[in-house]
*Asks:* 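I have a structure here, written as structure tokens, and I will follow up with some questions on it.
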Amino acid sequence: MTAKGPLRVLILGAGSGIAQATARLYATESAIIGLAGRNAGRLAGIADDLRARGATLVEAFDVDFTLAPVPPTLAAMAGKLGGLDHVILAYGILGEQALAERDPAVAQSIIDVNFRSAAAWTLAVAEVLEGQGRGSLVVLGSVAGDRGRRANYIYGAAKAGLATLVEGVSHRFGGTGPRAVIVKPGPTDTAMTAGMTKGGPLWASPEAVAAVVRKAADSGGPVVYAPARWRLIMAIIRMIPALIFNKMNF
């Protein structure tokens, strides 16, 4: 259920590849779109592209998600958009695992961005959606949160906590109108993964993940994998005994 007129969509972390691809889908629906992020110049370029693709209105908001006072900043952005129907939380950092293991400040930064800050925004959005009795919150998690891996367990731990939080918010709503969904992408070809070797059947494009995000805002359960094959892959990975899993070099 949404308010009458165009969908009003707020995208937190609008500069990411998945966020941009998702925004383009909303633009083709003539949505009113709010783009929030830290790079004002980049957001301006994205906004121009969305207007050309059919968005009814695009507003850009310069926000540092780890520092901004969350409820008032969210309220101000919602006011500019005329309300909120869908909120997409798409920001995060991968960080450097090896460095984070040696430097507590680096580890803290990964946790702050991917969990502490994201949790604060998730809870603030939940309060708004619950108050109005409708709307959708879709949060970008990661398959990395399903099991701790040597290569990225600090990032994975933050994403695991975020997934648990979003699932809890979904149960809090309990079919009263609003919905909350955690979308868990597998490896995706974006700027975040620029330093990785890419290619092969396990990698997805931002557009493929965006299609899942857009659908999740309208229907489906509280946990969605993107692409869907990752649900089975991660189910298998979770079943591997710990002694064997710990010897796997990945």
*Asks:* For the backbone of T176 and the side chain of E130, can you confirm whether one donor and one acceptor N or O come within less than 3.5 Å of each other?
*Replies:* no
*Asks:* Say you draw a straight line from OH of Y225 to CD1 of I182; how long is it, rounded to the nearest 0.5 Å?
*Replies:*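 So the gap between those two atoms works out to 10.0 Å.
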*Asks:* Could you check whether any side-chain N or O of N114 sits under 3.5 Å from a backbone N or O of I93, counting only pairs where one atom can act as donor and the other as acceptor?
*Replies:* yes
*Asks:* Assess whether a salt bridge exists between R172 and E127, defined as any Lys/Arg side-chain N lying under 4.0 Å from an Asp/Glu carboxylate O.
*Replies:*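 E127 and R172: salt-bridged.
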*Asks:* Mark yes or no for whether E96, through its side chain, and A98, through its backbone, hold a donor-acceptor pair below 3.5 Å.
*Replies:* no
*Asks:* Distance from L137 atom CG to L10 atom CG, nearest 0.5 Å?
*Replies:* 10.0 Å
*Asks:* Could you tell me whether the side chain of S109 and the main chain of A105 form a donor-acceptor pair under 3.5 Å?
*Replies:*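 Judged by distance alone, no pair lies under 3.5 Å.
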*Asks:* Minimum heavy-atom separation for P206 and A21, please, with both atom names.
*Replies:* O-CB, 3.8 Å
*Asks:* Give the minimum heavy-atom separation between S170 and P222, together with the two atoms involved.
*Replies:*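 Taking every non-hydrogen atom into account, OG-CB, 3.3 Å.
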*Asks:* Give a yes or no on whether V58 and L25 share a hydrophobic cluster (residues Ile, Leu, Val, Met, Phe, Trp, Tyr; joining criterion: side-chain heavy atoms under 4.5 Å apart).
*Replies:*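 No; L25 is not reachable from V58 via cluster members.
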*Asks:* Nearest 0.5 Å please: distance from the CZ atom of R38 over to the CG atom of L67.
*Replies:*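 Rounded to the nearest 0.5 Å, the CZ-CG separation comes out at 8.5 Å.
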*Asks:* Does the side chain of R149 come within less than 4.5 Å of I237's, by heavy atoms?
*Replies:* no
*Asks:* Do any N or O atoms from the side chain of D85 and from the backbone of R8 form a donor-acceptor pair under 3.5 angstrom?
*Replies:* yes
*Asks:* Starting from L35, can I reach L7 by hopping between I/L/V/M/F/W/Y residues whose side chains sit under 4.5 Å apart?
*Replies:* yes
*Asks:* Do L165 and L123 touch side chain to side chain, with heavy atoms closer than 4.5 Å?
*Replies:*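 Heavy-atom side-chain distance check passes, below 4.5 Å.
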*Asks:* By salt bridge (charged side-chain N to carboxylate O under 4.0 Å, His left out), which residues pair with E59, not counting sequence neighbours?
*Replies:*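 Salt bridge (charged side-chain N to carboxylate O under 4.0 Å, His left out) check on E59 returns nothing, list empty.
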*Asks:* Would you name the heavy atoms of I110 and A158 that are closest together and state the gap between them?
*Replies:*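 Minimum heavy-atom separation between I110 and A158: O-CB, 4.4 Å.
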*Asks:* Any chance CZ of R231 has more than 12 other-residue heavy atoms, nucleotides or ligands included, within less than 6.0 Å?
*Replies:*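 Buried by this count: over 12 neighbours within 6.0 Å.
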*Asks:* Report the distance from atom CG of D62 to atom CG of N39, rounding to the nearest 0.5 Å.
*Replies:* 8.5 Å
*Asks:* Using 0.5 Å steps for rounding, measure from the CG atom of L12 to the CG atom of L74.
*Replies:* 7.5 Å
*Asks:* With heavy-atom distances below 4.5 Å as the criterion, would you say the side chains of Q20 and R42 are in contact?
*Replies:*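 Counting from C-beta outward, Q20 and R42 do come under 4.5 Å.
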*Asks:* Just by distance, do the side chain of R24 and the backbone of A210 share a donor-acceptor pair under 3.5 Å?
*Replies:*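 Looks like no, no N/O pair under 3.5 Å.
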*Asks:* Checking K184 side chain against A144 main chain: does a donor-acceptor pair fall under 3.5 Å?
*Replies:*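 Absent.
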*Asks:* Which residues pass the side-chain hydrogen bond (donor to acceptor under 3.5 Å, both in side chains) test with E101, not counting sequence neighbours?
*Replies:* Q97, R150, Y153
*Asks:* Would you call the rings of W121 and F65 parallel, tilted or perpendicular if under 30° counts as parallel and over 60° as perpendicular?
*Replies:* perpendicular
*Asks:* State yes or no: do V87 and V223 share one hydrophobic cluster built from I, L, V, M, F, W and Y residues joined by side-chain heavy-atom distances below 4.5 Å, directly or via other members?
*Replies:* yes
*Asks:* Would the number of heavy atoms belonging to other residues, nucleotides or ligands and lying under 6.0 Å from CD of E167 be above 12?
*Replies:*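 Counting other residues, nucleotides and ligands, CD of E167 exceeds 12 neighbours.
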*Asks:* Does the side chain of S30 reach to within under 4.5 Å of the side chain of T56, using non-hydrogen atoms?
*Replies:* yes
*Asks:* So which pairs with a foot in residues 214-224 pass side chain to side chain donor-acceptor pair (under 3.5 Å), sequence neighbours left out?
*Replies:*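 Applying side chain to side chain donor-acceptor pair (under 3.5 Å) to every pair that reaches into residues 214-224, excluding sequence neighbours, yields E29-R214, R214-D218.
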*Asks:* Is the shortest heavy-atom distance from the side chain of F61 to the side chain of K80 under 4.5 Å?
*Replies:* yes
*Asks:* Can I88 and L140 be said to form a side-chain contact (heavy atoms from CB on, under 4.5 Å), step by step?
*Replies:* CA-CA 8 Å; I88 313 298; L140 268 292; 4.2 Å; yes
*Asks:* Any non-hydrogen side-chain atom of L89 less than 4.5 Å from a side-chain atom of V125?
*Replies:*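 Counting from C-beta outward, L89 and V125 never come under 4.5 Å.
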*Asks:* What heavy-atom pair brings G15 and L43 nearest, and what distance separates the two atoms?
*Replies:*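 Looks like N-CD2, 4.3 Å.
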*Asks:* For the atom pair OH (Y155) and CG (L94), what is the distance rounded to the nearest 0.5 Å?
*Replies:* 6.0 Å
*Asks:* Starting from I236, walk the hydrophobic network (Ile, Leu, Val, Met, Phe, Trp, Tyr; side-chain heavy atoms closer than 4.5 Å) and list everyone else you reach, by chain and number.
*Replies:* L232
*Asks:* So L129 and V169, do their side chains get closer than 4.5 Å, heavy atoms only?
*Replies:*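 Side-chain contact under 4.5 Å: no.
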*Asks:* Got a sec, which residues hit salt bridge (charged side-chain N to carboxylate O under 4.0 Å, His left out) with R238, two or more places apart in sequence or on another chain?
*Replies:*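 Result, salt bridge (charged side-chain N to carboxylate O under 4.0 Å, His left out) vs R238: D146.
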*Asks:* Any heavy-atom pair between the side chains of V138 and H86 that's under 4.5 Å?
*Replies:* no
*Asks:* What's the shortest heavy-atom distance between P185 and V183, and which atoms?
*Replies:* CD-O, 3.1 Å
*Asks:* Just jot down the salt bridge (charged side-chain N to carboxylate O under 4.0 Å, His left out) partners of D64, sequence neighbours excluded, or say none.
*Replies:*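 So D64 forms no salt bridge (charged side-chain N to carboxylate O under 4.0 Å, His left out) with any residue.
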*Asks:* Return the minimal non-hydrogen interatomic distance between R179 and G220, and the atom names on each side.
*Replies:* NH2-O, 3.0 Å
